[in-house]
Amino acid sequence: MTTRIPLSAPDITQAEIDAVTAVLRTPHLSLGPELPAFEAALAAYHQVPHAIAVSSGTAGLHLALLTLGIGEGHEVIVPSFAFIAVANAVLQVRATPVFVDIDPITLNLDPASVEQAITPCTRAIIVVHTFGVPAQMDALEDIARRHNLLIVEDACEAIGAEFGGPRQSRRAGSFGDLAVLGFYPNKQLTTGEGGAVLAHNPAHAERLRSLRNQGRSGTDWLDHAEHGYNYRLSDVACALGRVQLSRIDEMLSQRRAAAERYNKLLANIPALELPPLTLPQRIISWFVYVIRLPQDVDRDRVRAFLAVHGIATGRYFAPIHLQPAWRAHPSATAAQLPITESIARRTLALPFFNRITPSQQENVATALEEAIHSAS
């Protein structure tokens, strides 16, 4: 079974290749000039004072929680309909994740469910902007303010997304006490591997820079102020990311156009639920294109049919609390998430990337209709 249409594909042009090659001709492969240049561009794009580049979005989540003082005895509210790193990072700092249900339309944390989950031990909320759709930030910020909670935005899937009214719209990543971005090759913007943490507070930024670099302080390479980590991002990766960020508007426009084409191609398949192209107060940054199969359709059979036809798909997302690594954990056994579980059984990510062609999408749509018919 040869994959003819992949699930995702990075978009690398000659400009990125030239930037990376230029770094390779210098002695500055790490902690060189491309690092601050990329960080400054990220901060400016999100209109925040500080951006700290790190080795992955997961590393960013870990450092964000450490920087905010989250630790043993604290509870952190998280979605289960998310990538597993969200809960793993909480566990890394010895805090307790509390899984909360989602809104059935945006697939983000449901504010009412968040408020019901708050206890005297709750310290923070990790707000994931699922699939590039901004969460209900006004309601979540109000909850956090009233209960004296911290907000960490997981914007790893949402660079360029915006939330708010016409004159008050702000980019995802600019709301939380700290926010995390991810740049894996399937993302809208890639550095190969990599991520960043966005910060408003200069003290947070200073500690993040120290923690990502083995807890170093001062100018001496062998001076370490605290236990830290090697979560640095190379200058090669930063050069790639800097050029990618300069193209972000073009790339997001390509993805939006691809989503619109899918919606037209799939509109007449009975009982198939398509992602909304627009939502109130939101500009969507299209990370993936995820459909919901009809209730009576076997998703595994659909995936197998498409695989035979060379079309890759993904189960976005398998709920964290049902994962083998988590299902025996007290946080998972306590979770009551009917909306998460109902939706997750039916979701299917279709091939989606900047340069997917209309003919590729037509092939996907034709094969999907046949697959649903055969799996009903």
Side-chain angles (χ1 to χ4, degrees), residues 57-58 60-131 133-158 163 172-180 182 197-198 204 317-323 325-327 329-344:
T58 303
L61 286 168
H62 183 203
L63 293 190
L65 294 173
L66 286 173
T67 298
L68 294 175
I70 307 299
E72 196 164 3
H74 294 150
E75 293 177 353
V76 180
I77 292 174
V78 300
S80 179
F81 191 80
F83 185 59
I84 199 168
V86 173
N88 287 352
V90 176
L91 209 59
Q92 276 185 287
V93 298
R94 299 190 176 188
T96 301
V98 176
F99 295 114
V100 164
D101 221 341
I102 55 174
D103 176 88
I105 297 173
T106 68
L107 305 181
N108 292 315
L109 284 174
D110 171 53
S113 299
V114 167
E115 187 140 34
Q116 290 172 6
I118 294 171
T119 76
C121 295
T122 306
R123 186 77 179 98
I125 309 167
I126 296 181
V127 179
V128 180
H129 301 296
T130 309
F131 302 156
V133 177
Q136 191 71 38
M137 290 310 303
D138 51 358
L140 293 168
E141 283 188 315
D142 177 64
I143 291 168
R145 191 163 36 248
R146 287 188 285 105
H147 294 276
N148 195 28
L149 303 178
L150 298 162
I151 288 181
V152 175
E153 281 182 88
D154 181 340
C156 289
E157 303 170 10
F163 178 83
S174 67
F175 291 87
D177 294 276
L178 293 173
V180 180
V197 185
L198 305 177
H204 288 163
F317 281 115
I320 300 171
H321 73 289
L322 299 180
Q323 294 274 1
W326 273 94
R327 58 191 175 209
H329 191 279
S331 294
T333 58
Q336 300 292 321
L337 309 175
I339 297 174
T340 293
E341 293 180 14
S342 172
I343 288 174

Reference residue Ile126; test side-chain contact (heavy atoms from CB on, under 4.5 Å); the match among Val90, Leu109, Ile70, Leu150:
Val90

Quick check for you: to the nearest 0.5 Å, what is the distance between Phe99 atom CZ and Ile320 atom CD1?
5.0 Å

Let me confirm one number: the CG-CG distance from Leu91 to Leu65, rounded to the nearest 0.5 Å.
11.0 Å

Check: Thr67 side chain, Leu63 main-chain N or O, donor-acceptor pair, under 3.5 Å:
yes

If I compare all heavy atoms of Pro79 with all of Val86, which pair ends up nearest, and what's the gap?
CD-CG1, 4.3 Å

Supply the atom-to-atom distance Ile77 CD1 to Ile125 CD1, rounded to the nearest 0.5 angstrom.
5.0 Å

When you measure from the side chain of Asn108 to the backbone of Pro134, do you find a donor-acceptor pair of N or O atoms at a distance under 3.5 Å?
yes

Distance only, no hydrogens: is a donor on one side chain within 3.5 Å (strictly under) of an acceptor on the other, for Thr106 and Gln136?
no

What closest approach, in Å, do Thr340 and Ser80 show between heavy atoms, and which atom pair accounts for it?
CG2-CB, 4.4 Å

Output the distance between atom CG (Leu149) and atom CG (Asp177), rounded to the nearest 0.5 Å.
10.0 Å

Between Thr119 and Thr122, which heavy-atom pair has the shortest distance, and what is it?
N-OG1, 2.8 Å

Taking the side chain from Asp110 and the backbone from Asp101, do they hold a donor-acceptor pair closer than 3.5 Å?
no

Using modelled atom types only, decide if a donor and an acceptor are shared between the side chain of His129 and the backbone of Ala135 within a distance under 3.5 Å.
yes

Checking side chain to side chain contact (heavy atoms under 4.5 Å, CB included) for the pair Cys156/Val180: CA distance, chi angles, key distance, verdict?
CA-CA 6 Å; Cys156 289; Val180 180; 3.8 Å; yes

Are more than 12 heavy atoms, taken from residues, nucleotides or ligands other than Gln92, located less than 6.0 Å from that residue's CD atom?
yes

Could you report the tightest heavy-atom contact between Ala335 and His321, atom names first, then the distance?
CB-CD2, 4.0 Å

What is the minimum heavy-atom distance between Ala158 and Ala172, and which atoms define it?
O-CB, 4.0 Å

Could you measure the distance from the OG1 atom of Thr96 to the CZ atom of Arg123? Nearest 0.5 Å is fine.
14.5 Å

Correct closest heavy-atom pair for His74 and Gly69 would be CE1-O, 3.4 Å

Reported CG-to-CD1 distance for the pair Asp138 and Ile143, which is rounded to 0.5 angstrom:
10.0 Å

With under 30° as parallel and over 60° as perpendicular, where do the rings of Phe317 and Phe83 fit, or are they tilted in between?
tilted

Any donor and acceptor pair, going by atom type alone, linking the side chain of Glu153 with main-chain N or O of Phe175 inside 3.5 Å?
yes

